[in-house]
Amino acid sequence: MKQVVVLGATGSIGLSTLDVLKRHADRFSLHTITAYRSVDKMLELILAYEPVQAIMACPDAAEQLASRLPTESPTRILGGEQALVDAASDSDVDVVMAAIVGFAGLRPTLAAAEHGKRLLLANKEALVSAGRVFMEATRSGGATLLPIDSEHNAMFQCIPANNRGRPETAGVEKILLTASGGPFRGRPRSELLGVTPEQACAHPNWSMGRKISVDSATLLNKGLELAEACWLFDCTPGDIDVVVHPQSIIHSLVRYDDGSVLAQLGNPDMRTPIAYGLSWPERIDAGVAPLDLVSVAKLDFEAPDLEAFPCLRLAQEAITQPGGMCILNAANEIAVAAFLAGGLGFTGIDNVIAHALENVSADEPDNLEAVEALDGRARACAQERIEQLEHDTRGV
Ligand code: NDP
């Protein structure tokens, strides 16, 4: 029986993970679930799954949750960020699903890597911000790092097991990273000025949290994924091409020296990569409908439009700049939060990121404290830029 921690259990990936775990209660036992401050959702999950522990990162939310828990519940309630780190490092725990959104997930995710867990990585922001520090923790801790992002999970499935991390020796000529293009695919930049958060979050194929939905709409998500693939498969941006594939049926491809191209296909449902991460190298039922190619009928491909969506280009540049992806990620998190709150336009997101990349100087951070310090500086710079843009718009 594998003991599982689900970091970010109340989110889109967290709930899909709980759904897969429920189908395999003979193999997996739910040790800990965590959230930030969604008390109602967490209470529902505790009553449905009865984990050993439930942790709210926000201590006030933990108090509220504890006061509403029926006295007969077997679940222990804890609060605060250190409790997340402790759960991810617990010697009783075998598997950690890292599904907190954003940089906030870095510490517990890193703790799971340092403690040699099977680490299912959805929280790409943690890997791209901490890059070298993260990969070093995975190596020294002896963790098994399994990508949950559907694209990287597809690459993982298409590169032979004995060559992962060294694609060049496997005869890999190119990795083809697919992108749906998001809800605004095909629109020129001039039509993106007034788009609303609701429009940006209405992804045509995937149902996801609001932050990654906006990242998908700006193509910034593809930039994070480019950096993620470079770390996971030990390659450079030049080894990877981005291809827009609007149906999201092919989740990525690997082209080999002999002309072969291997692809992984499936319905757009995150339970497939989650189940593969949980059971690898075996395969288990994920609850996903079989792919019906006749009803899909058509698979289209096109090049990304970097003029309308400059975030991908910014990421391509940031990957080559010391600490660049940490700066880009932090600026993006601040800009997306401002956009969702109505304080920044959609096209302001890339403006804020470009400004932070130009104005925050850095060396490649080589420990957690340096990563956090750089993240903090980039956030402050992004915030200043947003205030300046707001000021200019008002004409004050
Ligand atoms: P959601 O917004 O749906 O869920 C986020 C989860 O993180 C919630 O449980 C939330 O708790 C928790 N959380 C938020 N802020 C904090 C914090 N400061 N401290 C601790 N916990 C926090 O996100 P998604 O599930 O969509 O995405 C999760 C991660 O997976 C992201 O990194 C995303 O890029 C990645 N991913 C997601 C995919 C998807 O299909 N959704 C696909 C591929 C990757 P609360 O509910 O209390 O706020």
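Along the sequence shown, residues carry numbers from 1. First listed ligand is number 1; within each ligand, the first listed atom is number 1. These values consider heavy atoms only, across backbone and side chains, with no hydrogens, waters or symmetry-generated copies.
Nearest protein heavy-atom contact of atom 45 (P) of ligand 1 is Ser38 OG, 3.2 Å. Protein heavy atom closest to atom 28 (C) of ligand 1, with residue, atom name and distance, is Ala99 O, 3.4 Å. Scanning the protein heavy atoms around atom 5 (C) of ligand 1, the nearest turns out to be Val101 CG1, 3.7 Å. The protein heavy atom nearest to atom 43 (C) of ligand 1 is Asp149 OD1, 3.0 Å. Among all non-hydrogen protein atoms, the one lying nearest atom 35 (C) of ligand 1 is Ala122 O, 3.1 Å.
Comment: Arg187 does not engage Asp305 in a salt bridge, judged by the lack of any side-chain N to carboxylate O separation of less than 4.0 angstrom.
Each of the following atoms of ligand 1 lies closer than 4.0 Å to a heavy atom of Ala35: 11 (O), 47 (O).
By the criterion of a heavy-atom distance under 4.0 Å, the side chain of Glu125, and not its backbone, is placed next to ligand 1. Counting heavy atoms closer than 4.0 Å to ligand 1, residue Ile212 contributes side-chain atoms (C-beta onward) but none from N, CA, C or O. The proximity of Ala104 to ligand 1, defined as any non-hydrogen pair under 4.0 Å, is limited to the side chain.
For Gly14, the heavy-atom gap to ligand 1 stays at 4.0 angstrom or more. For Met270, the heavy-atom gap to ligand 1 drops under 4.0 angstrom.
On a distance-only criterion, Met208 and ligand 1 share no N/O pair closer than 3.5 Å.
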